[in-house]
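Just follow the structure's listing: the first ligand is 1, and inside any ligand the first atom is 1.
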Amino acid sequence: MSEARANLKNANRIVIKVGTSTLAYPQTRKLNLFRIEHLIREIADLHNGGKEIIFVSSGAIAAGIGRMGLSEKPDNVPDNQALAAIGQGVLMHIYEKFFAEYGKTMAQLLLTGNDTIDAHARENSRNSLLAILKMGVIPVINENDAVATDEIKIGDNDNLSAMVATMIDADILIILTDIDGVYNGNPKTDKNATLIDEISSITPAIEKIAGGAGTKLGTGGMYTKIQAAKIATKAGISTLIIPGSEVGALRKCINGERIGTIFPAKIGGVSDE
Ligand code: GLU
């Protein structure tokens, strides 16, 4: 077991981010209740074990699409904002139900880019999050898509989760996604592509694998996950990208077992650039 993975056991404050691809069926965009239930149960169990969990969840727009019976994502901003507002409630209803089944209380926090950048707003968000954690409650965070304007929009929850992790001095950031981790090629087209266990430096070559610097593949892509790993590791927070479809993945990861890809923290926040 690598030293970086062995250290994961000692993590106490853990940010867990889950993407839409893990939460909803791609064909119908309806929620994947099997996955959500297992995920919440695992989070509740980690919480029982004494960990502080901060849960960053996407899926509001997808849940809105599912609830309204639409076949595809609208191409205009106001409709997507409306669907985020509809879907956020749908999502929280499900989370609240599953968390309550395991005796857990959750709290919803909707942040905008400004809350992670502006010093005063950031301090307010941090204080609120720390108070929630102190109460033994699990914060569930999303971007406030219904009101976020272009200027203040982060746009993807990978970056949001990294900003939240740095805001509250998390020990580790775990990103659950629909792929096993970071590969050294495209596993969909290259059968020789293999999973990279550990990435200690985010080099231009790694960024190229993830879609190339400056290329935004959109939410859910590997590029934004690498950006998130960069932000978090620089702040001394080890980051992991692990498969969201595997039952027990979180526990395995925190036990230091080999799963997904780990980006060990830069000790003392040393930049790799
Ligand atoms: N905040 C968006 C949502 O809840 C998702 C952003 C993302 O996929 O990263 O639908």
Side-chain angles (χ1 to χ4, degrees), residues 15-26 28-33 35-36 39-40 54-96 106-117 125 139-165 167 173-179 210-211 215-232 239-245:
V15 176
I16 296 170
K17 183 261 169 179
V18 62
T20 304
S21 58
T22 300
L23 297 170
Y25 288 101
T28 61
R29 302 226 184 206
K30 301 243 188 232
L31 295 176
N32 186 330
L33 296 174
R35 282 222 187 122
I36 295 176
L39 182 61
I40 300 302
I54 300 91
F55 184 38
V56 178
S57 172
S58 304
I61 295 175
I65 290 172
R67 170 58 63 92
M68 299 308 286
L70 305 182
S71 53
E72 56 190 33
K73 198 170 188 265
D75 57 7
N76 68 83
V77 174
D79 281 357
N80 278 299
Q81 287 176 313
L83 289 169
I86 294 162
Q88 184 66 24
V90 173
L91 209 51
M92 290 310 108
H93 180 72
I94 302 280
Y95 287 153
E96 171 68 39
M106 53 151 280
Q108 174 192 253
L109 248 105
L110 297 176
L111 299 176
T112 60
N114 196 46
D115 297 320
T116 63
I117 297 162
S125 308
V140 182
I141 302 176
N142 196 357
E143 185 160 12
N144 196 347
D145 294 318
V147 298
T149 55
D150 281 349
E151 298 77 50
I152 57 159
K153 203 165 167 59
I154 298 170
D156 72 89
N157 280 359
D158 296 318
N159 276 286
L160 175 67
S161 65
M163 289 171 190
V164 166
M167 181 195 285
L173 166 64
I174 304 176
I175 297 178
L176 292 154
T177 188
D178 60 349
I179 174 166
T215 316
K216 182 145 178 7
L217 294 178
T219 55
M222 193 49 81
Y223 185 62
T224 53
K225 290 172 182 51
I226 302 283
Q227 283 180 325
K230 227 175 177 175
I231 295 170
T239 303
L240 292 109
I241 298 175
I242 66 169
S245 57

Given side chain to side chain contact (heavy atoms under 4.5 Å, CB included), test Leu31 with Leu91 step by step and report yes or no.
CA-CA 9 Å; Leu31 295 176; Leu91 209 51; 3.9 Å; yes
I'd like a table of donor-acceptor pairs (distance under 3.5 Å, sequence neighbours excluded) in which one partner is a side-chain atom from residues 59-75, with atom names and distances.
none

Answer yes or no: does an N/O atom from Gly155 fall short of 3.5 Å to an N/O atom of ligand 1?
no
Between Asp145 and ligand 1, which residue portion shows a heavy-atom distance shorter than 4.0 Å: side chain, backbone, both, or neither?
side chain
Any non-hydrogen atom of Gly59 lying under 4.0 Å from ligand 1?
yes
Between Met222 and Lys225, is there a side-chain heavy-atom distance shorter than 4.5 Å?
yes
Here the pair of heavy atoms bringing Asn80 nearest to Asn76 is ND2-O, 3.0 Å
Closest candidate by heavy atom, reference atom 4 (O) of ligand 1, pool Asn142, Asn159, Thr20
Asn142
Counting heavy atoms only, which of Leu110, Asn157, Asp158 is nearest atom 6 (C) of ligand 1?
Asn157
Which of the numbered atoms in ligand 1 are under 4.0 angstrom from any heavy atom belonging to Asp156?
9 (O)
Residues two or more places apart in sequence or in another chain: which of them pass side chain to side chain contact (heavy atoms under 4.5 Å, CB included) with Ala146?
Ala85, Asn144
